[in-house]
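Just so you know, residue 1 is the first one in the sequence shown, and it goes up from there. Just so it is clear, the model here is predicted, and its values are computed rather than measured.
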Amino acid sequence: MSGRTTTFRGWKVVSAGAVIQGLQSAFVMHSLGAYLVEIEREYGWSKTALSGAFAVNRAETALLGPAQGWLIDRFGPRVITRAGAVGMAVGFVWFSQLHSLWQFYGAFLVMAVGSAFCGFLTVTVSIVRWFERLRARALALGGMGLAAGGMCVPLVVLSFSWFGWRTTAAVTGVAGAAVAWWLAKYLDGRPGDFGEEVDGGKEVVANGRTVRAEGVSDVHFTAKEAMRTKAFWTISFGHLSALFVVGAVMAHLQLYLTSERGYTLQQASFVAAALPLMQLGGMAVGGWLGDRVNKRLIASIAMFGHAGGVLLLAWAVNVFIVVLFVILHGLAWGARGPLMQALRADYFGSSAFAAIMGVSSLIVMIGPIVGPLAAGWLADTTGSYATGFVALAVLTALGMLFFVITKPPAPPLRSTVDNTAATTPQMQPKMAR
């Protein structure tokens, strides 16, 4: 047998990123709603106060984004991921010991910083550096970790009944951080550093012709250049609009089902786990289609899925309506999610992708901050989640217009030397650190 290795390292990056995001999804993102139910029962804090923790998490991600983008470019994804893993472990241990509202917010802030450093932005930057023609597929596969992790929520809730939510938080936080630390070694570098080519040298072929996604740029924009384009702002505001609903559902779904629809927490956790199951299906479809058809079209259709799903949830009088919500929202989330990053990388290139995503996060994260707070406040003041869900659905549906008007940007004006240097980042030699 030959000892020759044929596996493209880019797929190892995708796999490591999927596992890291899966752990965060299982222990932080999707389990947050279950923790809020337990904390509400124990301390009786209002839904507005509880949803504020989710807002703190998202606000931190937004404010940290530009700095995180710079840090990733300066130190590399491996170092940033490991720093985040330490922060996440510390935050979870503190969270397991909380006894007051300020400790609740403080622990969530530390968890948020840690999970942001070893989470979505860092993983996405790592994957984008390795893929172009297969970018949507690679990001979708990496994002499947988020969906798969969400399916573990019933196990987390079961652990509450066996060991208590405090012990569950401490153990899962430390264990997840340890795995993220170890997998971080796969996230550094570009294809040229390992003697490989972007996409492993493979091409997407249909009807005997190479497929190239709309707007894929051979010019790699800087963050300042990207911000001068209309596309940067329309993609950011479209992404923001989708996250009104995503954020509200993640924070309040289990609270809503247990407080207004009579579900037990275990039953509500199965609904929460069904969402990422449908999300997986959406990612498979969106990832495959995204490398072949217009990504903006897929994103526009998905926005109606988000809006329609949460409208159904507002009046979910029986299990059948809840199932329809899960199908619509889950498929839309899965199909749209990876395309947000793929669109930015297609239009602006990968050289300054971390900085571009970091700045964009200042806009995008308004959605998951305002969405949960609005839903929680309206539920407290009106006695029902219905008004908040309807308002967020309308805002999300209108956000579809941002994707409709998005167009690939014209290349920035540069000197010939600057343009040449910016178009070939993956072939540059590895810099000494």
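The shortest distance between side-chain heavy atoms of Trp11 and Phe131 falls below 4.5 Å. Looking only at side-chain heavy atoms (C-beta outward), Cys118 and Ile80 stay at 4.5 Å or farther from each other. Within the 4.5 Å cutoff, side-chain heavy atoms of His239 are placed close to those of Arg336. When side chains are defined from C-beta on, Leu312 does not count as touching His329, because their heavy atoms never get closer than 4.5 Å. A heavy-atom distance below 4.5 Å is found between the side chains of Tyr263 and Val319. Looking at heavy atoms from C-beta onward, Asp346 lies in side-chain contact with Arg135 at the 4.5 angstrom threshold. In this structure, Leu253 and Leu313 have side chains that are in contact, with non-hydrogen atoms separated by less than 4.5 Å. Residues Phe104 and Leu36 meet the side-chain proximity criterion, which asks for heavy atoms closer than 4.5 Å.
The two atoms that bring Val310 and Ala393 nearest to each other are CG1-CB, 3.2 Å, heavy atoms only. Taking every heavy atom of both residues into account, Ser350 and Val128 meet most closely at CB-CG1, 3.7 Å. Closest approach of Gln97 and Arg166 over heavy atoms only: C-NH1, 3.6 Å. When all heavy atoms of Gly119 and Gln24 are compared, the closest pair comes out as CA-OE1, 3.4 Å. Here the closest heavy-atom approach between residue Gly189 and residue Trp130 is recorded as O-NE1, 3.2 Å. For the residue pair Met340 and Ala299, the shortest heavy atom distance occurs at CE-CB, 3.8 Å.
Among residues two or more places apart in sequence or in another chain, the side chain to side chain donor-acceptor pair (under 3.5 Å) test is passed with Arg82 by none. Ser159 is linked by a side chain to side chain donor-acceptor pair (under 3.5 Å) to Thr168, counting only residues two or more places apart in sequence or in another chain. Annotation: ring-ring contact (aromatic ring centres under 6.0 Å, His included) contacts of Tyr186 (sequence neighbours excluded): none. The side chain to side chain donor-acceptor pair (under 3.5 Å) check on Ser360 picks up Ser236, Arg344, with sequence neighbours excluded.
Listed for the Asp188 side chain is a donor-acceptor partner under 3.5 Å among the backbone atoms of Arg78. Without hydrogens or angle criteria, Ser25 side chain to Gln21 main chain gives no donor-acceptor distance under 3.5 Å. Without hydrogens or angle criteria, Glu38 side chain to Trp165 main chain gives no donor-acceptor distance under 3.5 Å. Without hydrogens or angle criteria, Asp73 side chain to Gly76 main chain gives no donor-acceptor distance under 3.5 Å. Checked by atom type and distance alone, the side chain of Ser241 never pairs as donor or acceptor with a backbone atom of Thr396 at under 3.5 Å. The backbone N or O of Met250 lies less than 3.5 Å from no partner atom in the side chain of Gln254, so there is not a single donor-acceptor pair. Under a 3.5 Å cut-off, the side chain of Thr122 and the backbone N or O of Phe117 do form a donor-acceptor pair. A donor-acceptor contact shorter than 3.5 Å links the side chain of Arg296 to the backbone of Phe403. Between the Ser31 side chain and the Ala26 main chain, a donor and an acceptor come within less than 3.5 Å of each other. Judged by distance alone, the side chain of Thr167 and the main-chain N or O of Gly164 form no donor-acceptor pair under 3.5 Å.
Leu139 pairs with exactly one of Val123, Leu339, Ile127 by the side chain to side chain contact (heavy atoms under 4.5 Å, CB included) rule, that one being Ile127.
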| message | Could you walk me through whether Met151 and Leu280 satisfy the side-chain contact (heavy atoms from CB on, under 4.5 Å) test, starting with their C-alpha distance in whole Å, then the side-chain angles of each, then the deciding distance to 0.1 Å, before giving a yes or no? | response | CA-CA 10 Å; Met151 295 164 61; Leu280 278 173; 3.6 Å; yes
| request: Step by step, work out the ring pair (Phe, Tyr, Trp, His ring centres under 6.0 Å) result for Phe402 and Trp233. | output: CA-CA 9 Å; Phe402 289 111; Trp233 298 98; over 10 Å; no
| request: For the pair Leu183 and Val179, evaluate side-chain contact (heavy atoms from CB on, under 4.5 Å) and give the outcome as yes or no after the intermediate values. | output: CA-CA 6 Å; Leu183 289 175; Val179 175; 3.8 Å; yes
| request: Check the pair Thr172, Val156 against side-chain contact (heavy atoms from CB on, under 4.5 Å), reporting the backbone distance first and the verdict last. | output: CA-CA 9 Å; Thr172 57; Val156 174; 5.5 Å; no
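With salt bridges taken as basic N to acidic carboxylate O contacts below 4.0 Å, one links Lys47 and Glu40. Salt bridge Asp199/Arg129: absent, no basic N to carboxylate O contact under 4.0 Å.
Taking OG from Ser126 and CG from Leu121, the interatomic distance works out to 9.0 Å, rounded to the nearest 0.5 Å.
Ring geometry for Phe95 against Tyr35 counts as perpendicular: the plane angle is over 60°, on a 0 to 90° scale with 30° as the lower cut. Note on ring orientation: taking the six-membered ring where Trp is involved, the planes of Trp45 and Tyr43 are parallel (angle under 30°, cut-offs 30° and 60°).
Residues Phe353 and Phe348 keep their aromatic ring centres 6.0 Å or farther apart. Note: Tyr347 and Phe221 fail the aromatic proximity criterion, with ring centroids not under 6.0 Å apart.
Within the structure, ring-ring contact (aromatic ring centres under 6.0 Å, His included) pairs that include any residue of residues 366-396 comprise His252-Tyr385, Tyr256-Tyr385, Tyr256-Phe389, Tyr385-Phe389 (at least two apart or interchain). Residue pairs satisfying the side-chain hydrogen bond (donor to acceptor under 3.5 Å, both in side chains) criterion with at least one member in residues 266-277, sequence neighbours excluded, are listed as follows: Thr264-Gln267, Gln266-Ser269.
For the pair Arg9 and Phe194, the cation-pi criterion (under 6.0 Å, within 45° of the ring axis) is fulfilled.
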